[in-house]
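Report on the following structure.
Keep in mind it's a predicted model, so treat the numbers as computed, not measured. Sequence lines set the chain letters: A, B, ... in the order given, protein chains first and strands last, and positions in each chain run from 1.
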Protein chains: 2
Amino acid sequence: MNKSVIDLNECTNCPIRHRAVCARCETDELEQLESMKYYRNYSAGQTMIWAGDKMDFVASVVVGVATLSQTMEDGRTQMVGLLLPSDFIGRPGRDIAPYNVTAVSDVTVCCFRKKPFENMLVTTPHVGQRLLEMALDELDAAREWMLLLGRKTAREKIASLIAIIARRDNEAKSAIPGGQMSVDLPLTREAMADYLGLTLETVSRQVSALKREGIIELEGKRRVIIPDIDVLMDETGDDSDGGPLI
Amino acid sequence: MNKSVIDLNECTNCPIRHRAVCARCETDELEQLESMKYYRNYSAGQTMIWAGDKMDFVASVVVGVATLSQTMEDGRTQMVGLLLPSDFIGRPGRDIAPYNVTAVSDVTVCCFRKKPFENMLVTTPHVGQRLLEMALDELDAAREWMLLLGRKTAREKIASLIAIIARRDNEAKSAIPGGQMSVDLPLTREAMADYLGLTLETVSRQVSALKREGIIELEGKRRVIIPDIDVLMDETGDDSDGGPLI
DNA sequence: ACGCCCGGTTGATCGAGATCAAGGCGTCCC
DNA sequence: GGGACGCCTTGATCTCGATCAACCGGGCGT
């Protein structure tokens, strides 16, 4: 594979296997990365990084779900990102964390010591290009979320969240022909509320309403069955065709 | 200046003078850029780019103010970005615009034909690194805005918007010792509402309230005098020390 | 001079979602 | 078993911002 651009899922040589550093990895880059990486584990509910912490590493999520959040002095909090496996934590050229990073489930991250990682960025353009792509994708997601936060109703917010998680979850497994989907909601009602700019009571009420109307079904508290994804999409307020595109 | 990293404001050789492509420009890069650039002008109120348009260029704002916005089918709209001189429009690797770009004042942009620009990205890492920095800054701004949209009151939103514009405006002119600042609000009440996730009536009422309480003064409709920036900051809900930092 | 339009202001009322409060159901630990 | 705790649900009420509506003033074209 030396020097050839390869697909993430075929990248069997790579010990890390994450978009951030592997999508276009080359063997000599991998050797460099090997020498600067180490793993950290966190348990569900644990705050991995506090806003204001000194960061001497960047990292990539390996397993689990984490959130990025901001809190005001009086306790109001807003989630500003959802971190899933392959998502990147930290930023080259900055060493104080601006957000809280909290493990939702048990989480393993692969850390890279910051200085050598930044040096590598300068010498190997592939990694920088991949980071740029990822940052722009994050920016699109943030802007989509701004529309949700600023203009959607509580019901639309809930439907959008479920639809987004469902889409992401089922894009790996190829779309199911019957139209029915089953999705794990990794978040508590409170975390959903912090993501959507609502209170947990409103989240609970709106989930109940969608259930009552047969748009979703619940299996336990955290598993959602979507009988017809198109019916759910109608509740999101989004136009039918697709996501962000500058 | 060949091959040396130079500061934007000293970059007198550069015909474009924008962060996007000049912060670390080198003479041979500039020659490349020269060959692929052209200018476009738009008048106030004009929509420069519609969501869905084919983009065969990327661009950098030279003069004026423009907005990036999303609209739902029923007309609800949300601004997702404010474009000021030196801000970048478009994204390498994508050719359909996902947002509306609207000129607020008369606007001049410097366009670069897309294919050659993308080729240049591959060959000259400086430009890519600069774009990554800019994208990450935009991401921070978007996340700060998510907190505002999700969790702040109308009054806090207005105060935050004025404070942000004031800060940005006066960072060029070194901070004024007396504490008094004077700021041009480039946006109409409706545009402010679309930015803040409010209605124009609420914006008007809250601006009036801040004026009535002496926190701001108005000079005409569009110029704001801030007698004491710290008093205004107290109304934003932000904690005293500073912006985002992963 | 006139009317018109655009952007802004202010008032009255309404309603979605916040807030306050009570209670239900698992799970864990003593 | 039984309490304690975490997470969720549901009800009653309140409130902030939306909505509907009237009006103001300046710029512009005729």
Check: So does Arg189(A) get a side-chain nitrogen or oxygen closer than 4.0 Å to the phosphate oxygens (OP1/OP2) of dT9(D)?
Finding: yes

Note to self: What's Gly197(B) touching, base or sugar-phosphate or nothing? Going by heavy atoms closer than 4.0 Å.
What the structure shows: sugar-phosphate

Check: In whole angstroms, how far is the C1' atom of dC16(D) from the CG atom of Leu196(B)?
Finding: 16 Å

Item checked: 5' precedence on DNA chain C between Thr153(A) and Thr202(B) (nearest-nucleotide basis) -> Thr202(B)

Next item on the list: May I ask you to verify whether the side chain of Arg222(B) and the base of dG8(C) hold a donor-acceptor pair under 3.5 Å?
Entry: no

Next item on the list: Verify the distance criterion only: is there a donor paired with an acceptor across the side chains of Arg76(A) and Thr71(A) at less than 3.5 Å?
Entry: no

Note to self: Whole angstroms only, please: what is the CZ-C1' distance between Arg76(B) and dA18(D)?
What the structure shows: 13 Å

Check: What integer distance in Å separates Glu190(B):CD from dC6(C):P?
Finding: 12 Å

Next item on the list: Remember a base hit wins even if backbone is also touched, and classify Leu198(B) as base, sugar-phosphate or nothing at under 4.0 Å, heavy atoms.
Entry: sugar-phosphate

Item checked: N or O in side chain of Ser208(A) less than 4.0 angstrom from dT10(D) OP1/OP2 -> yes

Check: Which part of the nucleic acid does Thr199(A) contact within heavy-atom distance under 4.0 Å: base, sugar-phosphate only, or nothing?
Finding: base

Next item on the list: Choose from dT10(C), dT10(D), dG17(C) the nucleotide whose nearest atom is closest to any side-chain atom of Arg205(A).
Entry: dT10(D)

Checklist line | Length of the CZ-P vector between Arg151(A) and dT19(D), whole Å | finding: 9 Å

Next item on the list: Look at the side chain of Glu201(B) and the base of dC20(D), then say whether one donor and one acceptor between them are separated by less than 3.5 Å.
Entry: yes

